[in-house]
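Report on the following structure.
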Amino acid sequence: MKLGRKTTFTIRPKPPFHFGGTFHKPSHFPNTLKLNEWEPGKYWQMLRMGKQLFGLKIENRDTTSKPQLKITVYGSKPLTTEARKEIRKEIIWRFALNKDLREFTRLAQKDKRFYPVFKKWLGMRSQSPNTLYELLNIAIMLQNATVRRSQQMLDALLGAFGTRATFDSHELWAIWLPQEIANVPEQTLRDLKIGYRAKFVKRLSQDFANGTIDEMKLRTFDKDSAKRELIKLYGVGPETARILLFEAYHHDDVFDHIAPWQQKIYSRLFYGKSMVPVEKIRNDIIKRYGKYSMLAVHYIWEDIFWRRKHEKIEWLEKEIRL
DNA sequence: CATCAGGGCCCTG
DNA sequence: CAGGGCCCTGAT
């Protein structure tokens with residue numbers, strides 16, 4: 001796929017803003033066929049807008065107090081003004097660039113114990129670089145599998161149905177459209193060794209192709225209404241809904257569901273113990289961080305995974321189970 | 001070699 | 001509302 005035509009424009013995120021924390025999530029494990037790439041101050045991904053596909057490069061143009069991003073869109077033909085506006089709006093939504101983090105920042109500053117951690121990441125946001133359908137497919141591959149197996153399954157699906165493109169000297173992959181695999185036999189999907197998830201992927205693709213769910217409409221819903229709708233999706237339960245609500249819909253207080261492997265890591269991070277009851281973890285976090293419960297935990301979570309890149313954290317390695 | 005749980009969810013009783 | 005089953009893999 002050729003993406004030779006460039007269009008550039010500027011986005012100014014609402015301060016405080018943290019480029020690395022927003023565009024690079026160390027807790028997300030990269031697969032072989034890359035969906036995005038990051039290096040300090042720069043970020044690349046493929047961007048789906050409806051049926052159209054673009055290359056996207058985002059660069060940090062931070063002038064100390066005034067956050068500024070240089071956006072470059074790579075397309076097969078020049079962008080119309082209208083298309084440029086749509087893409088700009090979409091980027092702002094997906095990375096929550098207009099979110100006002102001042103209140104959360106004040107809360108973080110009052111936190112004696114974790115302020116040193118928060119301070120490193122102030123201005124970080126939750127993000128989903130992808131459409132709801134795309135993120136859903138990734139989340140399904142995470143279910144009931146170790147990290148390595150999730151990577152294998154996603155790579156297999158991308159290799160079979162994904163789109164590869166090179167722009168700005170980066171080779172990246174985009175997830176297929178729902179209509180492209182809605183009619184693929186379930187057995188074809190099973191042959192990619194995704195197991196019983198094949199049924200979920202097929203059913204979800206059919207439902208999305210038929211327009212059963214409106215990704216954009218859910219953006220206007222409050223947390224509980226959005227959750228009610230997401231849970232209706234075949235293959236979406238409490239944990240997947242939590243991921244979608246936080247990453248794709250930017251609800252900062254989705255801390256109701258705690259998976260067993262997360263429980264182990266939270267126990268270590270917050271109590272220095274190997275196992276603390278989930279009820280206690282949930283109550284303590286919600287009491288302390290209120291409507292920013294998930295966002296606060298996200299800062300501490302990403303920080304430990306960031307540290308993992310540079311130093312050996314013995315107990316964490318054991319819990320991650322590659 | 002066999003057994004088992006894993007970054008859940010659906011379905012049944 | 002509890003519990004069984006699910007695909008496949010790597011760990012034990």
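Just so it is clear, the model here is predicted, and its values are computed rather than measured. A note on names: the letters A, B, ... follow the listed sequences, proteins ahead of strands, and every chain is numbered from 1.
Side-chain atoms of A:Q45 and A:E37 include no donor-acceptor pair closer than 3.5 Å. Donor-acceptor pairing under 3.5 Å is lacking for the side chains of A:Q151 and A:T32. Judged purely by distance below 3.5 Å, without hydrogens or angles, the side chains of A:Y249 and A:W93 never pair a donor atom with an acceptor atom. A donor and an acceptor atom, one from each side chain of A:S27 and A:E302, are located under 3.5 Å apart.
Following chains of ILVMFWY side-chain contacts shorter than 4.5 Å, one can reach A:L244 starting from A:V297, so the two form part of one hydrophobic cluster.
The number of heavy atoms from other shown groups lying within 6.0 Å of NZ (A:K193) does not exceed 12. The environment of A:K34 atom NZ is dense: over 12 non-hydrogen atoms of other residues, nucleotides or ligands sit within 6.0 angstrom. Other residues, nucleotides and ligands contribute at most 12 non-hydrogen atoms within 6.0 Å of the NZ atom of A:K112.
Taking a 4.0 Å limit (strictly below) on heavy-atom distances, residues 228-249 of chain A reaches DNA chain B at A:L233, A:Y234, A:G235, A:V236, A:G237, A:P238, A:E239, A:T240.
Within the structure, side chain to side chain donor-acceptor pair (under 3.5 Å) contacts touching residues 12-21 of chain A (residues at least two apart or in different chains) are A:R12-A:Q68.
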Practice task
Start with the C-alpha distance between A:Y74 and A:W44, add both sets of side-chain angles, then the distance that settles side-chain contact (heavy atoms from CB on, under 4.5 Å), and finish with yes or no.
Solution key: CA-CA 11 Å; A:Y74 298 76; A:W44 298 262; 5.8 Å; no
Exercise for the section: Would you check, one step at a time, whether the test side-chain contact (heavy atoms from CB on, under 4.5 Å) holds for A:L135 with A:L132? Expected result: CA-CA 5 Å; A:L135 178 57; A:L132 174 62; 5.6 Å; no
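Counting only Watson-Crick and G-U wobble pairs whose two distances sit under 3.5 Å, DNA chain B takes part in these stems of three or more pairs: B:2-6 with C:8-12, B:8-13 with C:1-6.
Taking the six-membered ring wherever Trp is involved, the centroid distance between the rings of A:F114 and A:F270 falls below 6.0 Å.
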Output side-chain donor-acceptor pairs under 3.5 Å for residues 179-188 of chain A, partner residues at least two apart or in another chain, one line each.
unit_1, atom_1, unit_2, atom_2, d
A:E180, OE1, A:L177, N, 2.7
A:E186, OE2, A:R190, NH1, 2.4
A:Q187, NE2, A:D191, OD1, 2.9

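Between A:R203 and A:K264, the residue anchored nearer the 5' end of DNA chain B, judged by the nucleotide with its closest heavy atom, is A:K264.
When the P atom of B:dC4 is taken as reference, atom CZ of A:R149 falls 18 Å away, rounded to whole Å. Rounded to an integer number of Å, the gap from A:I194 CD1 to B:dG6 C1' is 17 Å. In this entry the distance linking CZ of A:R197 with P of C:dT9 reads 11 Å, nearest Å. Rounded to whole angstrom, the span from the CD atom of A:Q143 across to the C1' atom of B:dA5 amounts to 16 Å. The CG atom of A:D191 sits 13 Å away from the P atom of C:dC7 (whole-angstrom rounding).
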Pull out every protein N or O sitting under 3.5 Å from an N or O of nucleotides 10-12 of chain C, one pair per line with the distance.
unit_1, atom_1, unit_2, atom_2, d
C:dG10, OP1, A:Q152, NE2, 3.2

Report all interatomic pairs (protein N or O, nucleotide N or O of nucleotides 3-6 of chain C) with separations under 3.5 Å.
none

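Comparing B:dT12 with C:dC7, their P atoms are spaced 14 Å from each other, to the whole Å.
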